[in-house]
4 protein chains.
Amino acid sequence: MAASMNRVILAGNLTRDPELRFTNDGVPVCNFGLAVNRRRSKDDDAVDFFDVTVWREQGEAVANYKTKGDPVLIEGRLQYRSWEDRDSGQKRSKVDVVAENVQFLGGRGDGNGSSGGSGAGSGTKAGARHGRGGDDVDLNEEDFDDIPFRHRQPRLTAL
Amino acid sequence: MAASMNRVILAGNLTRDPELRFTNDGVPVCNFGLAVNRRRSKDDDAVDFFDVTVWREQGEAVANYKTKGDPVLIEGRLQYRSWEDRDSGQKRSKVDVVAENVQFLGGRGDGNGSSGGSGAGSGTKAGARHGRGGDDVDLNEEDFDDIPFRHRQPRLTAL
Amino acid sequence: MAASMNRVILAGNLTRDPELRFTNDGVPVCNFGLAVNRRRSKDDDAVDFFDVTVWREQGEAVANYKTKGDPVLIEGRLQYRSWEDRDSGQKRSKVDVVAENVQFLGGRGDGNGSSGGSGAGSGTKAGARHGRGGDDVDLNEEDFDDIPFRHRQPRLTAL
Amino acid sequence: MAASMNRVILAGNLTRDPELRFTNDGVPVCNFGLAVNRRRSKDDDAVDFFDVTVWREQGEAVANYKTKGDPVLIEGRLQYRSWEDRDSGQKRSKVDVVAENVQFLGGRGDGNGSSGGSGAGSGTKAGARHGRGGDDVDLNEEDFDDIPFRHRQPRLTAL
DNA sequence: TTTT
DNA sequence: TTTT
């Protein structure tokens, strides 16, 4: 078997308010867009855009405390998905980011009000809304494999 | 201006022979596919697939010494591209990996014949072919901005 | 609270055979040295040396399958320790690497016999010995905090 | 030759004001301490401390705009050094961090006034002082190997 | 679909 | 489009 590694670290800003949903088993999953400025040369205004998924407590913290425009630092892995386009029938695929660690930037000091993706649950940021009415969230069953099963908000949103 | 960071590290195997092309200015650019095994739980045979771009000397070294199946370790950044689909006219986008450092794995010892993406240019691996007849390579002009201009193989392949 | 991140990725070769010890609770901990070639310019033969700690199953796998000279790819975090020198009484400190993921390089293919830091337990590599008679292993109690308690080899070696 | 990689990413706060010095050739080099909170479990107040070196423009920007306590995000490599202790004559060694990319955190938004380690040189932060009277800076000759030679502030401070 |  |  070959050596394998898959690690990504990104710092940028949310391109939209995070959406929080739940699997049938009540596992929270948060999705948001991330813009990372390239800034390689001074007259380079290019931007890279990514879709980010955060599971469980950290996902809830992002949904509760972060909104469009907020800066975050994330560490995670790249995830490839492929599917068949319902219309054209042709194969499509996509690479997005599964964040395992989200650090809140911005605010006083270094920009960290509630810090490091924890967050109590009270005092959520004004404007943060919990996604509802979900079509097409990127859930991968294998993400559930190695994690202690927990029934938190059973069946709030079918995925 | 916000903090930005974009770093990715992957280890996996080539899914196809690398293709080497040249910009009009003769800058070498190499493309290959990379398969990274997920192996999170023992019965997890999921795989993530990525498209990788390597510029200049390192790109040439990959093209000269690596073929389908070979293991590599790469360090680089994620790059987002978007375009309009010529047929459907709908907007499409893609995230791929620009490798700035390619380490050859496999072989005796740790698997490193000519090592670390250097490699003279002679004695290329049997089976390694230089891409020819190129349509649709992912070239981004900004990649040329901060690099000393060099005319190496002028105009071999139009991109 | 400020944003914090601590991530390190290294590829190099063992500078000595790994030593395996156990805490009083029977938790395995493996230590080895790692040499990483700098190779920045072709006539650069500089090398960076690090001390690496690997806990639990992965530590056992390293001890069972790897010996001096073997190439590995590790992902982990940096750990700072400080103490008072018993002789001079002056304060000393050290930074070493705690590996959370060890990938075996070298061997056929990409150099991976038993792969990715798993390894059964039988058929250990000739020459791999389990450290015994331990003074001065770098154990940090906080490493035990977030990990399910397990009695594996109770009290084999006192630390 | 074996595969080698050396990459580190840290986010934390300066433990002291940065010191800026210059090599005999006038190359700026900045040194500061970095504290990274471990925060693994909620009652974990452990901290890891590192010494960081930043060369050239980025080093100047850090010295001009950052002071003790400020949050930064850095990307770089680990560097090992060894020497003989002048008193005891015994061998000593140390691992520190050479930052190749420093992102300023903190401030409004995400905490980035002058952003990403650029910064003109005017309007330096009150309290930022340029190190003077230097003994024992960690200069490694090989750091100069692959960089275009530049005479910026010739011989301001002997090292 | 796009953030500062 | 997919590697060991």
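Note that the structure is predicted; figures quoted are calculated from it, not measured. Hydrogens, waters and symmetry mates are skipped; everything else that's a heavy atom, side chains included, is used. All chains are named by letter (A, B, ...) in the order of the sequence lines, taking the proteins before the strands, and each is independently numbered beginning at 1.
- Partners of B:Glu84 under the side chain to side chain donor-acceptor pair (under 3.5 Å) rule, at least two apart in sequence or in another chain, do not exist in this structure.
- Atom C1' of nucleotide F:dT4 and atom CZ of B:Phe50 are separated by 16 Å, given to the nearest angstrom.
- A donor-acceptor contact under 3.5 Å links the side chain of A:Asn37 to the base of E:dT3.
- The nucleotide whose nearest atom lies closest to any side-chain atom of A:Thr15 is, among F:dT3, E:dT2, E:dT4, E:dT2.
- Straight-line distance from the NZ atom of B:Lys94 to the P atom of F:dT1: 13 Å, rounded to whole Å.
- Within 4.0 Å (heavy atoms only), A:Val47 reaches at least one base atom of the nucleic acid.
- If you measure from atom CD of B:Glu19 to atom C1' of F:dT1, you get 12 Å, rounded to the nearest angstrom.
- For B:Arg16, the salt bridge (charged side-chain N to carboxylate O under 4.0 Å, His left out) partners are B:Asp51, not counting sequence neighbours.
- The CG-C1' distance, from B:Asp70 to F:dT2, rounds to 15 Å in whole Å.
- Note: NZ (B:Lys68) to P (F:dT2) measures 9 Å, nearest angstrom.
- C:Tyr65 and C:Phe104 have tilted rings, their planes meeting at an angle from 30° to 60° on a 0 to 90° scale.
- Side chain of B:Gln58 to main chain of B:Val102: a donor-acceptor pair is present (N/O by atom type, distance under 3.5 Å, no hydrogens or angles).
- For B:Asp96 and F:dT1, the CG to C1' distance is 14 Å, given to the nearest whole Å.
- Atoms CD1 (B:Ile74) and C1' (F:dT3) sit 13 Å apart, rounded to a whole Å.
- Once the 5.5 Å centre distance and the 30° plane angle are applied, the aromatic ring of B:Phe49 is found stacked with the base of F:dT2.
- Protein atom NZ of B:Lys91 is 8 Å distant from nucleotide atom C1' of E:dT2, rounded to whole Å.
- Using a 4.0 Å heavy-atom cutoff across all strands shown, B:Gly33 reaches no nucleic acid atom at all.
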